[in-house]
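Everything on this sheet refers to the single structure shown next.
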Amino acid sequence: MTRREEIAENLAAVEARIARACAAAGRPREDVCLVVVTKTYPAEDVAVLYDLGVRDIGENRHPEAARKKDALGSLGDEVTWHFVGGLQSNKATSVAAYADVVHSVDRPKIVRALSKGAARAGRTLDCLVQVNLEGASDDGRAGAAPDDLDALAALVDRDEHLRLRGVMAVAPLGAPPEPAFASLRRLSLEVAGRFPSASMISAGMSGDLEAAVAAGATHVRIGRSVLGERPALR
Ligand SMILES: *Cc1c(COP(=O)(O)O)cnc(C)c1O
C-alpha cells in the first residue's frame, strides 16, 4: 500500500466516524470541521491530505509548522493552518506570522505576544482560549483555569489584531472525556453569550472524537487516526 492509499483509507474511516457521531447527535455533518494534526509528519503528507480534500491542518510546534508551510509553497497558502500546541511568548510572536487559527491561547502574555506578531505581519488572527478542565492552570497542564476564562476572552476580544472565536480543551488523561466535554460546552455557552463571535468549540482527538461531537464540538483535531502512530515525542 502506498502512503497515499494508507492516508486515504484512514481518512475515510475518520470521516465515517465523524458522520456517525453527527448522526447520533442529530447534528449536520457540516457542523464539524476536521482538522488533521500533522505534527511530526512531513510536508509531503500535507500535500497528500490536500489532494484528498483536507483544507484544515493542525500543527503543535514552532518552527516545525513554519518550515512545513514554507516547503509547500503556494499550496501552503491554500490551507487553513491551526496552531494547537503550547506556546511560549517568543514563539507566539513568530506563530502569528503564519497561523490562521491559534487554539492554545491560555494566558495574557500569549495574547500580547500574538497581538504583537499579528500587528507586525499585518494580519488578524483567529483565537481560541484553551481551558484546563482539570482545575487550576498551575498543575503543569496547558490551559487557563475556568475562572480565568472570561477575563482572558475579554482581553482577546478587545485586541484589534486578534479575533475571539471560541474555546478549546484537551480531555483529561486517564478519565472518561464526557464530563470534561460537558464542562467545556457550558463554558462555551457562557463565552459565546457574551461574545457572539466566539462560537467555536475545539475538542476531540483520535481517541474521543465521538464524545466531543456529542458535546457540541465544532472542530475535532485528529492526528494518529489519519496519519498513523507517531514515534514518541521528545
Ligand atoms: C497531537 C494533538 C492532537 C491530535 O492527537 P491524536 O491523538 O494524534 O489524534 C490534538 N490536539 C492537540 C493539542 C495535539 O497536540
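Each ligand, and each atom within it, is numbered from 1 in the order the structure gives. Quick note: residue numbers are just sequence positions, from 1.
Of the protein's non-hydrogen atoms, the one nearest atom 13 (C) of ligand 1 is Val84 O, 3.3 Å. Among protein heavy atoms, the minimum distance from atom 2 (C) of ligand 1 is reached at Lys39 NZ, 2.6 Å. The nearest heavy-atom contact from the protein to atom 9 (O) of ligand 1 is Ser206 OG, 2.5 Å. Looking only at protein heavy atoms, the nearest one to atom 5 (O) of ligand 1 is Met205 CE, 3.4 Å.
Checked against a 3.5 angstrom limit, the closest N/O atoms of Gly223 and ligand 1 fall inside it.
A donor atom on one side chain and an acceptor atom on the other are not found under 3.5 Å apart for His161 and Thr124.
Residue contact check for ligand 1: Arg230 places a non-hydrogen atom closer than 4.0 Å to it.
Every atom of ligand 1 is numbered from 1 in the order shown, and the set under 4.0 Å from a heavy atom of Arg224 is 6 (P), 7 (O), 8 (O), 9 (O). Close contacts between ligand 1 and Ile222 involve ligand atoms 9 (O) [criterion: under 4.0 Å to a heavy atom].
Between Asp159 and Arg112, none of the side-chain N atoms (NZ, or NE/NH1/NH2) sits under 4.0 Å from a carboxylate O, so this pair counts as no salt bridge. The pair Arg67-Glu64 fails the salt-bridge criterion, with no side-chain N (NZ, NE, NH1 or NH2) lying under 4.0 Å from an Asp/Glu carboxylate O. One finds no salt bridge joining Glu78 and Arg55 here, because no Lys/Arg side-chain nitrogen approaches an Asp/Glu carboxylate oxygen to under 4.0 Å. Taking 4.0 Å as the cut-off between side-chain N and carboxylate O, Arg123 and Asp100 count as a salt-bridged pair.
Checked options Phe83, Tyr98, Trp81; the residue passing with His62 is Tyr98 (criterion: ring-ring contact (aromatic ring centres under 6.0 Å, His included)).
Using a distance-only test at 3.5 Å, with no hydrogens or angles considered, no donor-acceptor pair links the side chain of Asn60 to the main chain of Gly85.
Of the candidates Gln130, Glu229, Arg221, the one placing a heavy atom closest to atom 12 (C) of ligand 1 is Arg221.
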